[in-house]
Amino acid sequence: MNPIKVGLLGIGTVGSGTFNVLKRNQEEIRRRAGRGIEIAVVADLNTERARELTGGTVDVVSDAHDVVTRPDIDIVVELIGGYGIARELVLKAIEHGKHVVTANKALLAVHGNEIFEAARKKGVIVAFEAAVAGGIPIIKALREGLTANRIQWIAGIINGTTNFILSEMRDKGLDFDTVLKEAQQLGYAEADPTFDIEGIDAAHKVTLMSAIAFGMPVQFDRAHVEGITRLAAIDIKYAEELGYRIKLLGITRRREDGVELRVHPTLVPASRLIANVEGAMNAVLVQGDAVGATLYYGKGAGAEPTASAVIADLVDVTRLHTADPNHRVPHLAFQPDELSSVPVLPIDEVTSSYYLRMRVADQTGVLAEITRILAEAGISIDAMLQKESREGEPQTDIIILTHLTREKHVNAAIRSIEGLQTVLSPVTRLRMEELN
Ligand code: HSE
């Protein structure tokens, strides 16, 4: 059988990784897919570099529109990124009957519903394993491996840049700005790291996982997103003293009244495996009712780890190429007419435990007033840490860990605590998940 023909849009880090791995492992991949997979054309604005990387073995063009309309191309691999031209090209490829493989989480988290609907109408596949957690086959696990389960929640370290920064802050006791500069020098963080450090990249990824886990449309605009830019080194230290690590987690949880969808720095017990995922690595913890907890760990970025996911999709598409569209694995795991309209809950309604840090005057009755406010709000205290005040400085830090409560209740209590004359700083509030 003739090889299946692929058009590659963008030959940057992941594109060249895909080209190299496909070439290196072509024989084994052919044996798995049942057919060879051949990159026939590459589109990149830097045609000279593209020719160099591909060694003159494939057509190189500068205009990606020429690829998505080319009659001999069966699958388009979109590795351009972003919401603009990538959306136009993906929709055009679908319109021309091409299957699409993409690593573009931003595109699918924001425009996924439109893209999946267009693909469904046209009977083509849009595969996106590489969009979430790089080389970890988490989409496959959620959509196929765990299909027997009612998924209860997912919590993931799904951004390597921020995990690297948090690991460095903890190990070296450095503040965020210093570590960010180091991460940029080492090439871990982009020159413009906004999407990573503000939690947006993680929110794109958890949005996709949430849709697949719970059978609902992608709803990135409903996600609550907090990054790590305001995280203080002192909170990482205090958390450590209390037996916790702080991780930027993407969390989605099914509840009776809706779905939680959120990204924020989170205290996790240091004894959990996921709390020990360090550096730029990714990990996703999935709780299913039948299987219990399963943990997926690996490289969430980089040329060949991401290529591994792109090529897995190419093999899947090759295997399914001739299958009847109605009997393929659905884009969002559930059949399109079975998606539910379950609401994503506002952050005020989220249930979590909390870490609260406040600077207080070290005098009689302060603690009693704070605990009274918490008790009146129905918030139960789990643990507490009070630092000794320094000589000649009659003030100190109090750190309180709460049991589970609604976010709106803790916010109301914080407002009352901040109103006390003896509380000398705004209260730092971090969410905490036991993940058990
Ligand atoms: N920028 C991402 C990260 C990798 O730092 O994990 C691509 O999703």
Side-chain angles (χ1 to χ4, degrees), residues 9-18 77-83 86 101-112 127-139 154-169 176 179-210 212 218 220 223 225-229 231 246-251 263-266 274 277-285 296-313:
L9 312 184
I11 188 153
T13 307
V14 178
S16 51
T18 302
V77 176
E78 184 275 306
L79 299 174
I80 295 171
Y83 320 99
V101 170
T102 178
N104 193 337
K105 50 256 162 194
L107 177 67
L108 294 183
V110 175
H111 297 294
F128 54 97
E129 184 63 74
V132 182
I136 304 174
I138 187 65
I139 300 298
I154 300 174
I157 296 173
I158 41 182
N159 183 270
T161 305
T162 44
N163 202 52
F164 172 82
I165 292 173
L166 293 177
S167 291
E168 289 288 290
M169 285 174 75
F176 171 77
V179 177
L180 175 61
K181 282 200 195 94
E182 182 197 325
Q184 282 172 315
Q185 275 156 12
L186 287 170
Y188 279 112
E190 309 273 349
D192 178 2
T194 313
F195 266 36
D196 291 320
I197 62 180
E198 295 295 358
I200 300 163
D201 175 71
H204 288 146
K205 294 167 181 166
V206 74
T207 296
L208 290 172
M209 291 196 289
S210 181
I212 292 172
V218 288
F220 172 70
V225 190
E226 274 173 50
I228 60 167
T229 50
L231 191 64
I246 299 183
K247 295 290 181 190
L248 184 72
L249 291 188
I251 298 175
V263 171
H264 48 71
T266 313
I274 200 167
V277 171
E278 301 290 0
M281 299 305 282
N282 279 199
V284 183
L285 186 55
Y296 308 82
Y297 170 83
K299 288 186 180 154
E304 295 209 353
T306 312
S308 163
V310 169
I311 296 168
D313 277 347

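Only heavy atoms go into these numbers, but all of them, side chains included; no hydrogens, no water, no symmetry mates. Quantities reported herein were computed from a predicted structural model and do not represent experimental measurements. Numbering of ligands and ligand atoms starts at 1, following listing order.
- Distance check, rounded to the nearest 0.5 Å: OG1 of Thr161 to CG of Asp201 gives 7.5 Å.
- Nearest heavy atoms, Ile251 versus Ala155: CG1-CB, 4.3 Å.
- Residues Ala223 and Thr207 share a closest heavy-atom pair of CB-OG1, 4.3 Å.
- Residues Leu108 and Val218 fail the side-chain proximity criterion, which asks for heavy atoms closer than 4.5 Å.
- Here the closest non-hydrogen pair linking Asn282 and Gly300 is OD1-CA, 3.3 Å.
- Listed by chain and residue number, nothing satisfies the ring pair (Phe, Tyr, Trp, His ring centres under 6.0 Å) test with Phe176 (two or more places apart in sequence, or in another chain).
- Every protein residue with a heavy atom nearer than 4.0 Å to ligand 1 is included here: Lys105, Asn159, Gly160, Thr161, Asp196, Asp201, Lys205, Ala301.
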